[in-house]
Amino acid sequence: MINIEIDGKKVKVRENSYILEVARKLGIEIPAICWHPGLEPYGACRLCLVEVEKSGRKRMVTSCNYPVEEGLIIKTNTHDVLRTRRIIIELLLARCSSNKKIVELAEKFGVSGSRFGYGNDDCILCGLCVRVCKDIIKKEAIGFSGRGISRKVSSPFEKTPEECIGCGSCAYVCPTGAIKIIDTEKSRKIEGINCEIPFVFCRYCGAPVAPLKQIESLKVKTNLPDDIFETCTECKNKSYALKIMAQAKLGSKR
């Protein structure tokens with residue numbers, strides 16, 4: 001454990017913790033759109049900026065990926081910190097002026113408009129979708145393309161990505177809803193990356209279980225029988241319940 005000071009409060013915290021993690025455990029709110037607990041911090045959105053003081057020197061750092069140190073003094077809501085956050089929100093509004101998440105964030109911090117113009121995109125280029133696909137799913141079906149104002153998230157050459165298994169992890173971690181999952185009776189479509197994959201259906205009731213490519217990927221990684229992957233959750237639960245009841249009856253007869 002090490003000693004730090006955060007917003008005037010002296011506390012002991014676990015070594016190697018990040019400032020954002022410590023602040024949230026203490027109930028101190030710091031905005032961070034590009035942060036997700038399942039991924040390594042990246043510091044893309046810059047909203048989590050805080051002021052730190054070490055050996056008498058002050059500077060602003062991204063709290064999501066800045067580790068605490070012995071004697072570190074942290075301030076999360078100084079005038080300069082709040083002013084910088086508002087400028088960042090203005091820049092987000094300039095790109096995603098009609099996005100619900102960004103509009104709510106602007107209202108919360110008292111940002112009424114953007115001096116940098118207005119755009120109608122939903123993607124803030126936080127990179128969560130790209131990183132979850134690469135680091136967790138191990139597929140790299142999507143990535144960044146272009147530079148500057150032309151930078152965007154897309155599949156290679158903007159064609160249907162062969163690597164995509166339709167798991168939907170990119171949509172689940174997206175903070176602004178730029179990537180959407182559309183499930184039909186026959187397939188799953190990932191809106192935003194030009195991908196549609198047919199479902200595998202339950203061999204007992206005919207309900208959709210999961211996208212075919214996702215099941216094929218899981219089969220490769222495990223030694224489980226096909227029945228596990230071709231049975232919906234409801235039918236699995238019924239099967240387990242019947243087995244438990246059968247075992248209970250057998251036990252009572254003994």
Chemist: What pair of heavy atoms forms the shortest contact from Lys12 to Met1, and how long is it?
Modeler: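 Of all heavy-atom pairs spanning Lys12 and Met1, the closest is O-CE, 3.6 Å.
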
Chemist: Please name the pair of heavy atoms, one in Lys236 and one in Thr231, separated by the smallest distance, quoted to 0.1 Å.
Modeler: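 Smallest interatomic distance, heavy atoms only, reads CE-O, 3.1 Å.
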
Chemist: Please tell me if the side chains of Asn237 and Glu234 come closer than 4.5 Å, counting only heavy atoms from C-beta onward.
Modeler: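 A side-chain contact is absent here, since even the closest heavy-atom pair is not under 4.5 Å.
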
Chemist: Hey, does the side chain of Ser239 reach the backbone of Cys235 with a donor-acceptor pair shorter than 3.5 angstrom?
Modeler: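 Answer holds: no.
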
Chemist: Under 3.5 Å, is there a donor-acceptor pair linking the side chains of Asp122 and Thr176?
Modeler: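 Side chains of Asp122 and Thr176: no pair found under 3.5 Å.
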
Chemist: Which atoms form the tightest heavy-atom contact between Glu40 and Tyr18, and what is the distance?
Modeler: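 Between these two residues, the closest heavy atoms are OE1-OH, 4.2 Å.
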
Chemist: Testing the basics here: between Ser169 and Ile137, what is the closest heavy-atom pair and its distance to 0.1 Å?
Modeler: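 Scanning both residues, the minimum pair turns out to be OG-CD1, 3.4 Å.
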
Chemist: Measure from NZ or CZ of Arg151 to the centre of the six-membered ring of Phe144 and say whether it is under 6.0 Å with the direction within 45° of the ring axis.
Modeler: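 Output yes; distance and angle both within limits.
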
Chemist: Which pair of non-hydrogen atoms, one from Cys133 and one from Ala141, has the smallest distance, and what is that distance?
Modeler: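 It is SG-N, 3.2 Å.
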
Chemist: Using a cut-off of 6.0 Å, state whether more than 12 heavy atoms not belonging to Lys219 lie near its atom NZ.
Modeler: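 It does: Lys219 NZ has more than 12 such atoms within range.
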
Chemist: Can you tell if the side chain of Cys126 reaches within under 4.5 Å of the side chain of Pro175, non-hydrogen atoms only?
Modeler: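 Yes; the side chains approach each other to less than 4.5 Å.
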
Chemist: Please examine the side chains of Val209 and Phe199, heavy atoms only from C-beta on, and report whether any two atoms are closer than 4.5 Å.
Modeler: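 No, every pair of side-chain atoms sits at 4.5 Å or beyond.
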
Chemist: Any chance you could pull the hydrophobic cluster mates of Ile19, using side-chain heavy atoms under 4.5 angstrom and chaining through other members?
Modeler: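 Members besides Ile19, by chain and number: Ile2, Ile4, Ile6, Val11, Val13, Leu20, Val22, Leu26, Ile28, Ile30, Trp35, Val50, Val52, Val61, Tyr66, Val68, Leu72, Ile74.
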
Chemist: Counting only heavy atoms not in Leu224, do more than 12 fall under 6.0 Å of its CG?
Modeler: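 Check passes, neighbour count above 12.
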
Chemist: Please assess Glu158 against Asn194 for the test side-chain hydrogen bond (donor to acceptor under 3.5 Å, both in side chains), listing each intermediate value before the final yes or no.
Modeler: CA-CA 8 Å; Glu158 298 188 8; Asn194 191 31; over 6 Å; no

Chemist: What I'd like to find out is whether the side chain of Ile142 reaches to under 4.5 Å of the side chain of Cys170, using heavy atoms alone.
Modeler: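 Sidechains of Cys170 and Ile142: in contact.
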
Chemist: Please name the pair of heavy atoms, one in Cys45 and one in Cys34, separated by the smallest distance, quoted to 0.1 Å.
Modeler: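 Between these two residues, the closest heavy atoms are N-SG, 3.4 Å.
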
Chemist: Going from CG on Asn65 to SG on Cys48, what distance comes out if it is rounded to the nearest 0.5 angstrom?
Modeler: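 Going from CG on Asn65 over to SG on Cys48, the span is 6.5 Å.
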
Chemist: Between OG1 of Thr78 and NZ of Lys75, what distance do you get to the nearest 0.5 Å?
Modeler: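 Thr78 OG1 to Lys75 NZ: 7.5 Å, rounded to 0.5 Å.
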
